Student: 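First the structure, then my questions, so here it is.
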Amino acid sequence: MKQNFCHPGRLTLGALAVCLAVVLALALTMRLCWPRDAFSLTDLEGDTAALEGFALGGGLEIDTNGHQLGVRFTMQDGQLTNTLTTGRSSALQNAWIGFSTALPAAQREALDAQAAEGKYSEWNSALMGLAQTSSSGIQRSVSTDQVEIMLTVDYDAPDGVVRSVRFPCGQLTLSQPLTFAAEIGYRDGEPYVRQDYTANASEQWNEISQTWESRTAVLADGAVVALNNTGDVPGTQSGLYLVGDGLTQSEILALPADATVGDCPVQSRTLAYGTVHPVWTMPQGGKLVDLVTTGDSIALFYLDDSGCHLLTMDQQGGNQQILDLTDALPDGNFRGLETLRPDEVACATEEAQPDGGRVDRVQVFRLAAGRITAQGSCLPDQIPTYDTAVAMSEDGSRLLTVSSVSDLVDLPDSSGGQLIWKKGCTLEVWQQGTGTALCTAQLKSQRNVAKGWSYGRWNELWPMGRLLTRDLSLTLDGINTF
Amino acid sequence: MKSMLPLTGWNFYMVRRPLGTVLAVMLLAETALALFCATRPALCTLGQSALYGNLGGPLLFLAAYLGALWASLRPLAMTGGRSRAGCTLLTLPMPRWQILLAQVLSSVLSLAAVIACQLLWMVVIYWPTTAIQAAVANAHNLGDLVEQRSLWWELAANPIFNLLLPWQGGAVWRLPLFLLAPALIAPGVLLQRGKARFGAVCLTVAGALLCLALAAVYAAKQGYDSGDLWMAGAVCLLCLISWFWSLRALRRAVPIQ
């Protein structure tokens with residue numbers, strides 16, 4: 001008997017069954033068939049027992065804003081485990097620093113009084129010309145070679161909100177006067193734009209930025225800033241400052257006006273907020289290298305005339321200790337390194353060899369409440385790069401270095417650029433104090449990840465660069481740069 | 001309820017041809033786009049998710065989704081028309097809410113068919129695009145860049161696939177919401193008359209924009225923050241308003257004698 005498959009009931013039930021089957025089958029396939037061998041430990045050489053005591057984690061994650069999806073690996077004592085991950089990823093906390101220029105508070109009234117003033121009025125159309133509003137305003141401008149430099153520190157607070165602290169860090173006399181312009185706009189007689197004197201300092205920016213060297217790192221509730229006043233600007237001492245009690249953007253906007261432009265009260269660019277405590281003064285002629293915070297400590301690597309040093313302290317500025325990094329050449333490679341353990345800091349230094357050559361040394365320091373409780377070093381074959389991370393075994397007898405494995409690939413001829421293609425990482429365990437590798441291994445990811453591209457003709461590269469970098473990322477726990 | 005399911009079936013039966021046309025156009029256009037892009041040297045290293053997500057795939061899907069929704073309203077349009085809501089439907093011996101529910105269910109099924117076809121297409125297109133891309137990449141000495149590209153990763157990295165198929169568990173409500181919200185809100189455009197029709201259009205546009213915003217947020221974050229959920233609440237509210245408003249229009253409507 002001939003079946004009529006176009007019968008409404010059969011057609012509807014068939015369509016429903018097919019839709020449900022497709023959705024369920026695909027969902028089950030995705031849950032059950034995830035790549036369990038996404039990461040593998042290969043090319044093991046040497047004594048694999050040397051990997052005992054080390055732990056690291058990371059994964060191939062789909063680049064998203066705060067949510068984690070992908071395959072995660074954990075390696076404990078040389079045993080590798082892959083797991084499927086979904087859900088929210090824990091974002092690293094960061095702190096950022098920025099300099100800005102402002103009219104010096106002490107001379108502000110005098111400068112405002114002599115400012116040139118211009119007026120304007122305009123009609124604004126909205127809704128395709130159906131609604132029109134009139135507005136008017138004044139613009140005042142003044143030039144001066146004396147500028148106040150303000151430092152703004154933004155940091156991720158524990159509540160997930162970005163908070164800001166702003167404070168003055170000295171007055172600078174510029175070689176060329178800088179023009180500041182302010183604007184007060186009125187609509188229906190009420191001020192609706194209150195722009196304090198602001199400078200477009202792009203031409204003088206080199207002069208300003210070369211005056212300070214800075215580093216910043218986030219604390220449990222606040223941030224720490226290392227400032228080096230290389231231009232000997234009066235008003236700021238080089239050293240470490242703890243900043244805290246930062247305000248959110250809405251709290252900053254709600255602060256009262258503290259100055260006037262003409263007759264109109266405005267919030268000035270020299271308005272300071274948050275708290276700043278100097279905790280350490282840096283010697284003259286020093287140079288900042290790296291500032292790192294651990295769970296309860298602060299560490300600063302710096303140079304001065306007497307050589308390379310590590311300053312450590314607790315997060316309140318107490319228990320200060322300065323360690324001279326012996327044999328480290330001040331003119332050599334000296335930089336901070338990422339660490340796999342949250343209570344360790346590390347650096348790379350360069351040392352002279354008896355034969356006149358130079359060798360790179362990796363040094364790791366374990367900190368507790370600002371004190372160095374253990375330290376170790378090794379002499380790796382390869383020069384540590386920005387994406388080298390290190391860890392020290394519990395007893396300090398071995399050091400693990402993890403470096404990403406990258407390929408540089410030429411892009412198609414039409415683009416003329418090159419792509420950095422990350423394929424996993426190399427693990428090496430070193431005997432403390434020596435250049436002897438106890439064990440090496442490759443941690444390979446099943447899927448390679450493009451981390452960036454070198455610049456060719458950028459306009460032709462944009463689709464590739466944009467699309468490749470938003471695809472996947474290869475991450476190592478707690479490390480930003482990997 | 002006895003009459004409602006057959007009516008759902010009949011509604012879906014009536015839209016089978018326009019729905020089939022919409023699906024065929026969507027699949028052909030997406031296939032042409034994906035195959036063309038796979039042959040371009042500058043795009044030969046991209047994963048399928050990037051090919052689909054950034055070169056017009058979501059727009060084609062959205063157009064097909066709206067087309068299927070409009071097609072699924074065909075029974076209302078055919079039987080109601082411009083002047084009187086559901087005049088022929090009103091003669092059916094069943095409560096008015098069941099007439100509306102049958103329409104909603106047939107719309108949901110039409111939209112589900114679009115989603116299922118899209119998901120299947122994402123799986124099926126993997127093999128031809130990967131093969132073409134590998135050939136083009138090898139011709140340009142870029143073979144390393146396309147090695148070891150598995151279907152699972154292609155699908156898992158595709159934000160639109162993750163949006164349409166809640167396989168990870170989180171926010172599984174979004175699929176029912178994206179199916180039910182258009183099916184509940186859109187019939188008002190054909191059921192209301194006079195000035196009320198303008199209101200229904202506004203309600204539909206608002207619902208569509210909120211659903212689009214929810215989809216865009218999910219595609220960008222692969223999840224929702226608590227601050228995003230007000231949009232889902234607003235869509236649910238619009239659905240409730242639309243349901244009762246459309247039902248009121250149906251109950252007040254008088255069949256043509």
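When reading the values below, keep in mind they use all heavy atoms of this one structure, side chains included, and skip hydrogens, waters and symmetry mates. This structure is a prediction, so every number in the text was calculated from the model and none was measured.
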Student: Is there a ring pair (Phe, Tyr, Trp, His ring centres under 6.0 Å) between B/W173 and B/Y224? Walk through the geometry before answering.
Tutor: CA-CA 12 Å; B/W173 48 262; B/Y224 293 112; 5.3 Å; yes
Student: Can a side-chain donor-acceptor contact be found between A/S40 and A/T42 if the only test is distance below 3.5 angstrom?
Tutor: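 The answer is no; no qualifying pair exists.
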Student: Which region of A/L60, side chain (C-beta onward) or backbone (N, CA, C, O), has a non-hydrogen atom less than 4.5 Å from a non-hydrogen atom of chain B, or is it both or neither?
Tutor: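 The answer is both parts of A/L60.
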Student: What part of A/L26 lies closer than 4.5 angstrom to a heavy atom of chain B: side chain, backbone, both or neither?
Tutor: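 Both the backbone and the side chain of A/L26 come within 4.5 Å of chain B.
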Student: Do B/S150 and B/E154 get their side chains close enough for a donor-acceptor pair, meaning under 3.5 Å?
Tutor: no
Student: Say whether B/S107 and B/S72, considering side chains only, have a donor N or O and an acceptor N or O under 3.5 Å apart.
Tutor: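 Yes.
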Student: Who among A/V18, A/V23, A/L20, A/T29 has the most heavy-atom pairs with chain B under 4.5 Å?
Tutor: A/V23
Student: Check whether any side-chain N or O of A/W34 sits under 3.5 Å from a backbone N or O of B/W152 as a donor-acceptor pair, and report yes or no.
Tutor: no
Student: Contact part of B/L119 toward chain A, heavy-atom cut-off under 4.5 Å: side chain, backbone, both or neither?
Tutor: both
Student: Hey, are A/D245 and A/R163 close enough for a salt bridge, meaning a charged N less than 4.0 Å from a carboxylate O?
Tutor: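 Looking at A/R163 together with A/D245, the answer is no, because their closest N to O distance does not fall below 4.0 Å.
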Student: Less than 4.5 Å to any heavy atom of chain A: does that hold for the side chain of B/N158, its backbone, both, or neither?
Tutor: neither
Student: Please identify, among B/A116, B/C117, B/P166, the residue contributing the most non-hydrogen atom pairs under 4.5 Å to chain A.
Tutor: B/A116
Student: So which part of B/V108 gets closer than 4.5 Å to some heavy atom of chain A, the side chain, the backbone, both or neither?
Tutor: neither
